[in-house]
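Report on one structure; see the data block that follows.
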Amino acid sequence: MPFVPVLHAEWIKIRTLRSQWGALAAILLATTAFSALAAVDADGSDPLFSVFFGVSLGQIAAIAFGTTAVSSEFRGGALRLTLAAVPDRGRWFAAKATAIALPALAVGLLTGFVTLLVGRAVLGGSAPGWAEGVRGAVGCGVHLTLMALFAAGLAAVLRSGVATLSVLIPFLLIVSFVIGDLSGSVADFLPDRAGQVALHSGWDGALGPWSGLGVTALWTAAALAAGAWRVRRRDA
């Protein structure tokens with residue numbers, strides 16, 4: 001089967017699951033709401049991150065979206081039916097990843113610009129400039145998309161939504177906060193921390209906004225490659 005019909009089939013799966021729409025909505029709501037709350041108490045030291053503070057929580061919804069989209073294939077023999085229609089496992093997994101990436105990017109960019117507008121309204125005169133804000137909004141969208149795909153790759157490796165979320169949520173909520181302030185250390189190269197450099201007005205570590213997103217993209221590519229390998233090697 002050609003790639004486009006496979007992609008269309010995977011998109012139908014995603015848009016017919018209520019949990020997927022809920023996760024996408026949560027990306028927008030969590031990021032915007034917690035960013036607005038953080039902006040109210042901002043001290044002015046990093047106005048851009050005050051605007052996008054909620055991404056730290058919005059990315060949890062993004063990984064839930066990516067995880068659920070893949071893990072649903074491993075329940076009730078769904079993957080066997082999918083592979084009966086699309087025997088080329090590599091093509092199927094590429095279509096699945098694309099079907100995850102496109103809505104995640106659309107919602108991520110929407111989230112970035114809505115959060116920017118809300119944050120500027122809350123901060124008033126201390127808000128970041130438009131050029132810096134747009135960079136943050138685009139970085140927000142790209143980062144959320146990469147985290148959704150990172151989760152999708154890990155879900156394909158672990159073949160379980162529960163296992164994937166049990167690994168990633170503690171990683172984001174504990175590891176990132178416990179060792180994330182060790183600037184200049186290996187913590188700067190964790191997928192969560194690296195991607196969020198684009199959301200800061202300034203940075204002291206080795207990574208800048210786009211190189212940080214590049215590091216997160218490398219983590220995501222590795223996770224997707226591992227997931228594709230796992231799908232090819234293991235029985236459905």
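Side chains included, hydrogens not; waters and symmetry mates left out as well; all remaining heavy atoms used.
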Point to revise | Results of side chain to side chain donor-acceptor pair (under 3.5 Å) for Thr32 - residues two or more places apart only | key: Thr115

Pair up each side-chain donor or acceptor in residues 18-27 with any protein partner under 3.5 Å, not counting sequence neighbours, and list the distances.
from  : atom 1 : to    : atom 2 : distance (Å)
Trp21 : NE1    : Arg15 : O      : 2.6

**Study point:** Shared-cluster residues of Val114, by chain and number - hydrophobic side chains joined below 4.5 Å
**Key:** Leu28, Val40, Leu110, Val118, Val122

Practice item. With sequence neighbours left out, write down each residue that passes side chain to side chain contact (heavy atoms under 4.5 Å, CB included) with Ala64, or none if nothing qualifies. Key: none

Review point. Partners of Thr16 by side chain to side chain donor-acceptor pair (under 3.5 Å), sequence neighbours excluded?
Key: none

Study note, to complete from the structure: With sequence neighbours left out, the residues meeting side chain to side chain contact (heavy atoms under 4.5 Å, CB included) with Ala221 are none

Practice item. Please name all residues satisfying side chain to side chain donor-acceptor pair (under 3.5 Å) with Asp41, sequence neighbours left out, ordered by chain then number. Key: none

Without placing hydrogens or testing angles, list every side-chain donor-acceptor pair under 3.5 Å for residues 48-55, not counting sequence neighbours.
from  : atom 1 : to    : atom 2 : distance (Å)
Ser50 : OG     : Asp46 : O      : 3.1

Check your understanding: Which ILVMFWY residues can you reach from Val162 by hopping between side chains whose heavy atoms are under 4.5 Å apart?
Key -> none

**Study point:** side chain to side chain donor-acceptor pair (under 3.5 Å) involving Thr98 - partner list, sequence neighbours excluded
**Key:** none

Exercise for review: Quick one: name the residues clustered hydrophobically with Leu7, using the 4.5 Å side-chain heavy-atom rule over I, L, V, M, F, W, Y, and just say none if it's on its own.
Suggested key: Phe3

**Study point:** For Ile60, side chain to side chain contact (heavy atoms under 4.5 Å, CB included) partners two or more places apart
**Key:** Leu57, Ile169, Leu172, Leu173

